[in-house]
Every structure is written in structure tokens, then in C-alpha cells.
Protein chains: 2
Amino acid sequence: MSSKSPMSKSPMPTSPTSKSSASKSPVSQSDPLREQIIAQFDGMSAQLQQAARYVLEHPEEVALVSMRELARLAAVQPATMTRLAKMLGFQGYNEIRAHYAETVRQRNDGFAAKVRQRDGQAASAPGSDIAHHMLHGLSAQIAALCEPEPLQRLTAMASKLAAAKKIYVLGLRSSHVVAWHFHYVMSLLGERSVHLDGPAGTGGDALIRAKPDEVLLVISINPYARDTLTLAQLAKDKGLAVLSITDSEVSPLVSISEHTVYCATESYSFFHTLAPALAVSEVLCTLLAERDRPATLAALQDADDHLAHLNTYSNALPRRE
Amino acid sequence: MSSKSPMSKSPMPTSPTSKSSASKSPVSQSDPLREQIIAQFDGMSAQLQQAARYVLEHPEEVALVSMRELARLAAVQPATMTRLAKMLGFQGYNEIRAHYAETVRQRNDGFAAKVRQRDGQAASAPGSDIAHHMLHGLSAQIAALCEPEPLQRLTAMASKLAAAKKIYVLGLRSSHVVAWHFHYVMSLLGERSVHLDGPAGTGGDALIRAKPDEVLLVISINPYARDTLTLAQLAKDKGLAVLSITDSEVSPLVSISEHTVYCATESYSFFHTLAPALAVSEVLCTLLAERDRPATLAALQDADDHLAHLNTYSNALPRRE
DNA sequence: AAAATAATGATCCAATTGTTTTAATTTTTC
DNA sequence: GAAAAATTAAAACAATTGGATCATTATTTT
């Protein structure tokens, strides 16, 4: 076939500009579109095959460059790419690109695929897939904390917390969840923790007598509550070490913090997620508790006894009268 | 900063249109451009910071979508992206995209190699392995919720919650974290949620006028707080449907619950973990919000306006006087 | 061989892109 | 408080995009 015409382009797929990757199957295991292209390959004309071959061998490029650029790289007319799309049953070339873009996204983090649609679209009926995507993403985000750097940050912060005379805990609005949890657990372990929270804006009052050998653990994610920032700044001015759990290297907390732990907050939903931040809090509590197992066990025993006396817990429903 | 404009974003980090990636460090360890953005971040104006923040947190999107699309996602003007490029010393925005496209290419190249290089690295700080184990376990537990049965339970519960006239939320002690979170988010969405929590044991009082077309969402894990069980029983006696998030098929809540979602609480530590339970709460909130996207967006917009008037949030440290 | 059909290339178009310019607004300074 | 400076939003721009059309070339069929 081919290469009869005097003006014919090089028959083998050409890469005019020197491009990098070429590996045979950079696209992961199961890619239905890839399979489809292979299946239909034999039925394609020469030009279509050349275009298809390039797409198969450079899937990332499809996501990264324009159609015309891709056509140039594949040494094919732009229209051929459009025709390829139609032959594959798509409405237009953009659907091909959308597919490979999604592949790249899924590759870069384990985050779920998404339904790219205008907001007019009816909400997905079952919602089961939404839940699935969210949970999968959360799982991946927490798994990301297992990397060396986050781990090192966690342990460093735990050390500083362990050395502190007292720990003030600050987290407002959504971050309240994390602050409260940390304080609750720490209060079971001893009495070094003070929760900066209270009605009518009195939350920060406990800082009045704060001393430099104490620390402030502050949790805040975007959008950052103004009061949180103000109190953190105040604490730093008083000489306290500020330790923060936040969501970004460019969080306003970073510049005043001695230690910072970063946690993801993005989620496939309207809201930011706090599950990773809560996981961070749980890890910190555990690391602190592990520092002195006997003391921890004793403290927990005391708490148990106390709560048992108060008849706080039960394993069965109360008898109805 | 923003949020004065008519198009201001919601207070709870909102993602009106589909979301994608998230994890904290999807981009490989050393990225000079990323470092540069972080370095120059403090010197940027509010809008530039907003754009830069999005770029930092969604590096793949930069490579995958057009500038205008990216601007839309970051909720800034297109021109801001151009300005960001200039501020970073580039001639135009395309140089930024080229950089991130190259990152994606290299990532796909060295994909196999990276997988090889798994953990097993020399032990680092003390407790680092504990943290690693914990986080790994948490990640797996949340991933387990992606199974069909938990998903089905979640969606069923969401349906029941969506149909309820009012939702009472009950969670004491450690479960307070989850209850508070659920109520906080729901309160941003509307006014159907009532948190059964109050000083001096008054928490349950709100149930006094509870009616049968309302529901009680109760969260409790082992050990089960006696007050929680009592109130849940009371609610059921009053004809309310009881929906519970708990940790076991033999939890005392099961027998009085119309719907139950189970979440793991075991962890490599002294304490039970609440991260999976919080994840469940987040999923429920999202499913409820998705039921009526327009209403949700409107409610979040209202909340945004309200909080903006109160000057609740800030992106920078307050100026010291 | 010519006619019919398929494939390809070239040209044109509306829509969208990245960018610049201008106007409005906010913030700062005095 | 007014003036000045900086920041931001809005509008306008040329260039490029993906797609459609039509002419040309190859291929098949007769």
C-alpha cells in the first residue's frame, strides 16, 4: 500500500520533532478504547492506520497536544484525526482526547474518574458511583501520607508535641472536627491539652496565660478562618511554638509554624474532606501515646475506671419501662 | 481577596463542577517550578494566589485543559493566568503548560521504574513505622467501603435521610466528631439538621417534640455510650426512624435501626479510629447534596455571602499592629 | 479501458484559544 | 478624607483550534 504518490509523506509514523517517550504500552492494563482501536485497525485505510498507530503508541500526547499538533506528529492531515474519531464511533475528536486525558488523571493519582458534564445535567440517579469515587479517593489520599516525607513530618511534630508542657488545640469551623478529636483523645491520656474553643468568642482566652514552653497545635484548611489565623499569630508572638495541620505549602499558617503536616482535602464532592486530617490527628495521638506505653496504659485505665463508675457505657439497649 | 465578587466561591470549599485529582504530592518529589511558585507565593496578590494555589494542587489539570478552562476551575479571570505566567518570569502561559505537560510525559516514562522502588527504605524516625502501619490500615478500611454492600447501605441511608422532614444527629464521646461534622455540613445546606448535643445533659431535649416523619441519625462505636443508646431507643419509641453508623453487626443499635452502615474502627493503636466513620459521614452529606444540585449550590452561595459579610475567612495572616 | 467508488488533500468556517488593552475597583498612602 | 497606586474585572484582539466541505487523487469494479 501507500507511497505511490510523489508527495506522499513518509510511510512509517514520523516524529518530526524529537519526542520523548515511546515505550510500547505506557497506558495501563485495560483500556477499552485501545482495544477498540486495535480491533478496528485492520479495517482502516492507510492514513487512518497511520493516525491510529500514533495514537496507540503515544497515548499521552493525545491528551497533551492539540489535534493539529498531533496530526503533525503523526504525519497526517488534521482531518484524518477527525475521521478516526468518527470511525471509532465518536461524535468528534475531542471525545478521544477526553478519554486519554482521563487516563492521565487516573494515572497521576488514584483518584476516580469523573463525569464531565455541565451542571445542568440531572444528578446521577443511584449515587452509588459518587460514593465509590469519593471513598476511593479518600483511601488514596490517606495512603499518600505513607510516603517518607509526610511520615517524617508526622514524627517530627509528634516529638515536639511530646516535649511540650502544655498543648493548646485550635481548630474552627470544619477543622473543629479535628481539633476536638485531638483534644478528646489527649484528655484521656492526661491533662496537657487545652481546647481553644468556647462560646461567644471566648475560645482564645485560655491563651492569656500561655507560656513559651507550651505549644499551639492549630488545624486549618482552605478557606482559613480569620480567627484561627489571628490566634495562631498571637500565640507565636507570645513565644509559643506553632504546629499546624493544614492543606497546602502556601497556607498562611506555614510561615509561622515550626512544624507543618500537610493533608489532602480535595474530594469528589461539594465539600472538602477532613478524613485525612482526622487520620493525621489519630496518628499524632498514637505516636504520643506510644512514647510512654506504661503511662498511657495507666491513664487509659484511670479513664476506664472513671467512666465505669459513671456508668457511661453499655453493651445493650437499656431496659424499657 | 475574592468573595466580594458576585461569583465568589462557597465558604465550604466547593466544587460545583466535577472535580478530579487531589492528593498532596501527585507531582514527583522535585519540581523546580513548584518550588518557585511557593517561593513567590507570598508576594502575589489575592487573585494570583488563588490561581497559583490551584496550579499547585492540580498540576495535571494544567497540562490537560485549556487556560480558560483552568481559569474557570480556579475561579479566576483568564487574564490572571497570563499574569501568573509573567510573574513567574515566563513569556506566556503556554510555557507553564509546557512544563507540566513535560512532567506528565516523564511520569509516564518512568512509571514502571517508580513502581519497582517501593517501600522498604531504611527505617527513619522512631515511630515512623507505626504511623505507616496505621495510615496504611486506615486507607484499606476506607477502601473496603467501596464494596457493593457498603455502597448499597450508604445509598439506601441517603435516600431515607433525603426524605426526612428533619434529621436529629446524635453522637457522644468519640462519636461526637462524626455527629458534629454531619450537622455542620448539613447546616450549611439548610436547616433540617438538629444536633442532639448540649451542656449539662440537655442534649436530648430537642427530641421532646420529635415527630414520626423525622429521623434520628445516630453514630456510636464500641464502647457504646449509654446515653446514646437511651436516646436512640426513645426516638424509636416516638416513631422516628433510627439510622445508625456503627462498628458491628452486633452493635446494640442494629436492632432498633431501620438502616445501618458499618465502618471499621480497628487501628494499630490504643484507640479506635474514626476516620472511616467520618468518611461515611462525608459520603452521606455528598449524596444528600447531590440530590438537588441547584438547591445545594444556592445554599452554599447563601452561606458564602453570609460568612463573607462576617469577614470569617482570610487567606493571609492578619497584619500585626 | 472507462466508470464508479473510496480515500485523501486542501480550503474554509465558526468557535475558542491566549493575550493585550482599557475601565472599574480596591487598597494604600498621605 | 482625598489622592495615588495597585489590583482586578471586562472587553477586544489576532491566532489557532476542531470540524465541514469540496476538489483531487487513488483504488476498485466493470
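To find a chain, count down the sequence lines: A is the first, B the second, and so on, and within it residues start at 1.
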For [X] and [N], give me the distance from atom [atom1] to atom [atom2], rounded to whole Å.
X	N	atom1	atom2	answer
M81(B)	dA9(D)	CE	P	12 Å
L48(A)	dT8(C)	CG	P	6 Å
Q50(B)	dT7(D)	CD	P	16 Å
L70(B)	dT19(C)	CG	P	12 Å
M44(A)	dT27(D)	CE	P	19 Å
Q91(A)	dG18(D)	CD	C1'	13 Å
E95(B)	dT19(C)	CD	P	9 Å
N94(B)	dT20(C)	CG	P	11 Å

Candidates [options] - which lies nearest the side chain of [X]:
X	options	result
A79(B)	dT8(C), dT20(C), dA20(D)	dT20(C)
Y93(A)	dA10(C), dT8(D), dG19(D)	dG19(D)
Q77(B)	dT20(C), dA9(D), dT8(D)	dA9(D)

Tabulate protein N/O versus nucleotide N/O from nucleotides 12-17 of chain D, keeping only pairs under 3.5 Å, one per line.
residue	atom	partner	partner atom	Å
dT17(D)	OP1	S66(A)	OG	3.3

### Task
Please figure out whether G43(B) or G92(A) has its closest DNA chain D nucleotide nearer the 5' end.
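This one resolves to G43(B).
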### Query
After noting the C-alpha distance and the side-chain angles of H176(A) and I219(A), does the key distance pass the side-chain contact (heavy atoms from CB on, under 4.5 Å) rule?
CA-CA 8 Å; H176(A) 169 84; I219(A) 304 101; over 6 Å; no
### Message
If the condition is side chain to side chain donor-acceptor pair (under 3.5 Å), which residues does S251(A) pass it with, not counting sequence neighbours?
### Response
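Here the qualifying residues are T246(A).
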### Task
Taking side chain to side chain contact (heavy atoms under 4.5 Å, CB included) as the test, write out the residues that go with T228(A), two or more places apart.
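T228(A): side chain to side chain contact (heavy atoms under 4.5 Å, CB included) contacts with L170(A), L172(A), V218(A), S220(A), A225(A).
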### Query
Do any side-chain nitrogens or oxygens of K86(B) fall under 4.0 Å of OP1 or OP2 in dT20(C)?
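Yes, because at least one side-chain N or O of K86(B) sits under 4.0 Å from OP1 or OP2 of dT20(C).
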### Message
Tell me whether the side-chain N/O atoms of T82(B) come closer than 4.0 Å to OP1 or OP2 in dT19(C).
### Response
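Checking T82(B) against dT19(C): at least one side-chain N or O falls below 4.0 Å of OP1 or OP2.
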### Message
Tell me whether the side-chain N or O atoms of R83(A) pair up with the base of dG9(C) as donor and acceptor below 3.5 Å, since no angle test is needed here.
### Response
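Answer yes: a donor N or O sits under 3.5 Å from an acceptor.
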Side chain [X], main chain [Y], donor-acceptor under 3.5 Å:
X	Y	value
Q36(A)	L88(A)	yes
Q40(B)	M87(B)	yes
Q50(B)	A74(B)	yes

### Query
Is a side-chain donor-acceptor pair under 3.5 Å present for D247(A) with H272(A)?
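No.
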